[in-house]
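Quick notes on the structure that follows.
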Number of protein chains: 2
Amino acid sequence: MSAISERRERERAQRHQLIVTAARELAEAEGWEAVTTRRLAERVEYSQPVLYSHFTGKDDIMRAVAIEGFGELATRLRRARLTDPAPPAALHAVCRAYLEFATEQPALYQAMFMLPTDVKFAHAETPPPLRAAFDEFVSCFHPDNQRRELFAEVTWSALHGIAALTESGRIPPNGQAERLDFLVTQIAAPPRPGV
Amino acid sequence: MSAISERRERERAQRHQLIVTAARELAEAEGWEAVTTRRLAERVEYSQPVLYSHFTGKDDIMRAVAIEGFGELATRLRRARLTDPAPPAALHAVCRAYLEFATEQPALYQAMFMLPTDVKFAHAETPPPLRAAFDEFVSCFHPDNQRRELFAEVTWSALHGIAALTESGRIPPNGQAERLDFLVTQIAAPPRPGV
DNA sequence: GGCCTGATCCTAGCAGCGCTAGACATGCTG
DNA sequence: CAGCATGTCTAGCGCTGCTAGGATCAGGCC
């Protein structure tokens with residue numbers, strides 16, 4: 001491997017990242033429907049076919065954006081959990097951080113959790129950052145809780161429901177705090193028969 | 001209004017419904033990305049522009065499908081609730097019915113709750129069937145519960161999260177019953193501080 | 001030093017998309 | 001029966017994701 005091909009490989013990696021970043025910024029600014037291969041190519045100052053020498057297609061670019069997001073989400077959730085590590089407070093903090101992430105970067109959130117994807121969830125090929133993000137929810141429950149994976153799954157699902165319905169305008173953005181409080185309180189409540 | 005124009009209006013209404021039904025069937029069979037105006041026109045045995053004499057565009061057709069779905073969902077939820085009207089059982093039955101609806105007719109569910117839409121939720125212009133469907137969740141909680149609207153909203157959000165993540169392959173389809181049981185148990189639990 | 005080879009990039013184009021303008025045929029009305 | 005209105009179609013616009021083929025340029029070898 002000569003120095004020349006090393007340089008080329010480095011430049012190639014830079015351009016790869018340039019494309020991902022441009023796609024993400026464009027999506028965040030104008031929505032994913034505005035991210036066309038032509039506009040994206042213009043933005044990175046290359047012709048359209050160059051995109052296809054880095055990615056198999058538009059889906060592949062969106063997948064790269066999503067995977068980048070998984071990493072960022074994992075670190076944000078971890079930071080939130082460690083800020084107040086006692087179980088009930090930790091759960092609340094992680095859930096709030098999740099909703100904030102979804103609200104602040106709606107297009108990124110869409111790529112990760114709403115748009116069709118080939119990324120494997122809960123699978124051997126699951127990207128490690130995604131698994132790490134999920135584990136932050138699991139860690140909010142006592143280690144001797146036999147069903148903590150189930151708890152985490154339902155908690156995540158409920159948060160996703162709130163985030164998705166809010167983002168698409170199906171529930172009003174006001175009152176997120178009340179929904180969050182209610183959800184966390186009920187999820188953390190000791191199960192027993194009641195009304 | 002002559003008998004002739006009455007007949008024409010009747011035929012027009014039939015064709016309107018024919019288009020909606022064809023769109024729905026095609027979406028259910030091959031997914032919404034396969035529902036193009038050309039294929040839809042071919043299926044109803046008319047040319048493409050005819051669609052635009054009934055609807056303003058593809059979005060409008062999808063909206064018509066969604067509104068049709070809201071009516072069906074409302075009746076299914078109502079039937080489920082009345083089967084076992086005691087609050088905890090009713091909530092469980094309604095939630096199960098919701099998830100079944102989403103699973104059995106994924107494309108319809110997508111049009112209603114996942115794809116971009118102009119339909120107003122929680123608003124003066126909300127279609128009555130949609131409001132009726134939401135009210136079925138509200139009715140699962142005691143009338144003297146001051147926060148039953150909030151309860152219903154979070155319940156619905158959580159169910160939507162489960163349905164959406166399942167449909168897009170982000171959580172495995174196995175274990176829906178456990179998730180449902182856990183969710184309903186926690187939502188119905190009397191709130192109190194705990195872990 | 002000069003040619004060859006291989007990688008890199010661009011122009012141009014394909015099939016399909018949502019949507020629409022304008023021509024044409026049909027059938028009711030005065 | 002003439003004229004009008006309604007309804008329907010063919011053809012086409014500008015856009016999409018994607019790709020084939022040629023031009024250009026740099027590196028390696030004799």
Side-chain angles (χ1 to χ4, degrees), chain A residues 1-20 22-24 26-27 29-66 107 110-111 115-118, chain B residues 1-20 22-24 26-27 29-66 107 110-111 115-118:
Chain A
M1 178 77 60
S2 73
I4 288 167
S5 46
E6 279 181 18
R7 171 183 56 82
R8 281 219 260 231
E9 203 165 315
R10 214 167 44 235
E11 287 172 352
R12 202 178 156 71
Q14 281 180 7
R15 203 170 48 181
H16 185 101
Q17 184 57 41
L18 180 66
I19 294 169
V20 173
R24 178 173 168 175
L26 190 51
E30 306 185 37
W32 279 108
E33 75 283 356
V35 182
T36 70
T37 55
R38 279 169 233 271
R39 290 195 62 183
L40 192 51
E42 190 185 8
R43 201 166 168 120
V44 298
E45 295 177 311
Y46 282 95
S47 74
Q48 231 183 337
V50 169
L51 303 180
Y52 293 87
S53 69
H54 286 271
F55 302 92
T56 64
K58 191 185 171 183
D59 295 350
D60 201 29
I61 298 175
M62 294 172 62
R63 176 166 40 243
V65 173
Q110 279 178 30
L115 300 178
T117 185
D118 295 339
Chain B
M1 178 77 63
S2 73
I4 288 166
S5 46
E6 278 181 19
R7 171 182 57 82
R8 283 210 210 162
E9 203 165 314
R10 215 166 45 234
E11 287 173 354
R12 204 179 154 71
Q14 281 180 9
R15 203 169 50 181
H16 184 100
Q17 184 56 42
L18 181 65
I19 294 169
V20 174
R24 178 172 168 175
L26 190 50
E30 305 185 37
W32 279 109
E33 75 282 354
V35 181
T36 70
T37 55
R38 280 168 232 272
R39 289 194 63 184
L40 191 51
E42 191 185 8
R43 200 162 167 125
V44 298
E45 295 178 312
Y46 282 95
S47 75
Q48 231 184 334
V50 168
L51 303 180
Y52 293 87
S53 69
H54 286 273
F55 302 92
T56 65
K58 190 185 171 182
D59 296 349
D60 201 29
I61 297 174
M62 293 172 63
R63 177 165 41 241
V65 172
Q110 279 178 29
L115 300 178
T117 185
D118 295 338

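Order of the sequence lines fixes the chain letters, A, B, ..., with proteins taken first and strands second; residue numbering starts at 1 for each chain. For the numbers below, each heavy atom of this structure counts, side chains included, while hydrogens, waters and symmetry mates do not.
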Just to verify, what does B:Phe55 make a side chain to side chain contact (heavy atoms under 4.5 Å, CB included) with, not counting sequence neighbours?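 Side chain to side chain contact (heavy atoms under 4.5 Å, CB included) check on B:Phe55 returns B:His16, B:Ile19, B:Val20, B:Asp60, B:Ile61, B:Ala64.
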Excluding sequence neighbours, so at least two apart, what forms side chain to side chain contact (heavy atoms under 4.5 Å, CB included) with A:Leu115?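 Partners of A:Leu115 under the side chain to side chain contact (heavy atoms under 4.5 Å, CB included) test: A:Trp32, A:Met62, A:Gln110.
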Would you mind reporting whether A:Arg63 and A:Asp118 have side-chain heavy atoms less than 4.5 Å apart? yes
Can you tell me how far [atom2] of [N] sits from [atom1] of [X], to the nearest Å?
X	N	atom1	atom2	answer
B:Met62	C:dG18	CE	C1'	13 Å
A:Lys58	C:dC17	NZ	P	16 Å
A:Glu33	D:dG17	CD	P	12 Å
A:Arg12	C:dT8	CZ	C1'	10 Å
B:Ile19	C:dG18	CD1	P	14 Å
A:Ile61	D:dT16	CD1	P	14 Å

Using heavy atoms and a sub-4.0 Å distance, could you list which residues of residues 34-41 of chain A are near DNA chain D? By number, please.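 DNA chain D contact set from residues 34-41 of chain A: A:Val35, A:Thr36, A:Thr37, A:Arg38.
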Could you identify which residues of residues 44-57 of chain A place a heavy atom less than 4.0 Å from some atom of DNA chain D, listed by residue number, or say none? A:Gln48, A:Pro49, A:Tyr52, A:Gly57
End axis versus end axis in the helix from C:dG1-D:dC30 to C:dG30-D:dC1, the angle rounded to 10°, five pairs used at each terminus: 30°
Taking N or O atoms only and anything under 3.5 Å, show me the protein contacts with nucleotides 23-26 of chain C, one pair per line.
none

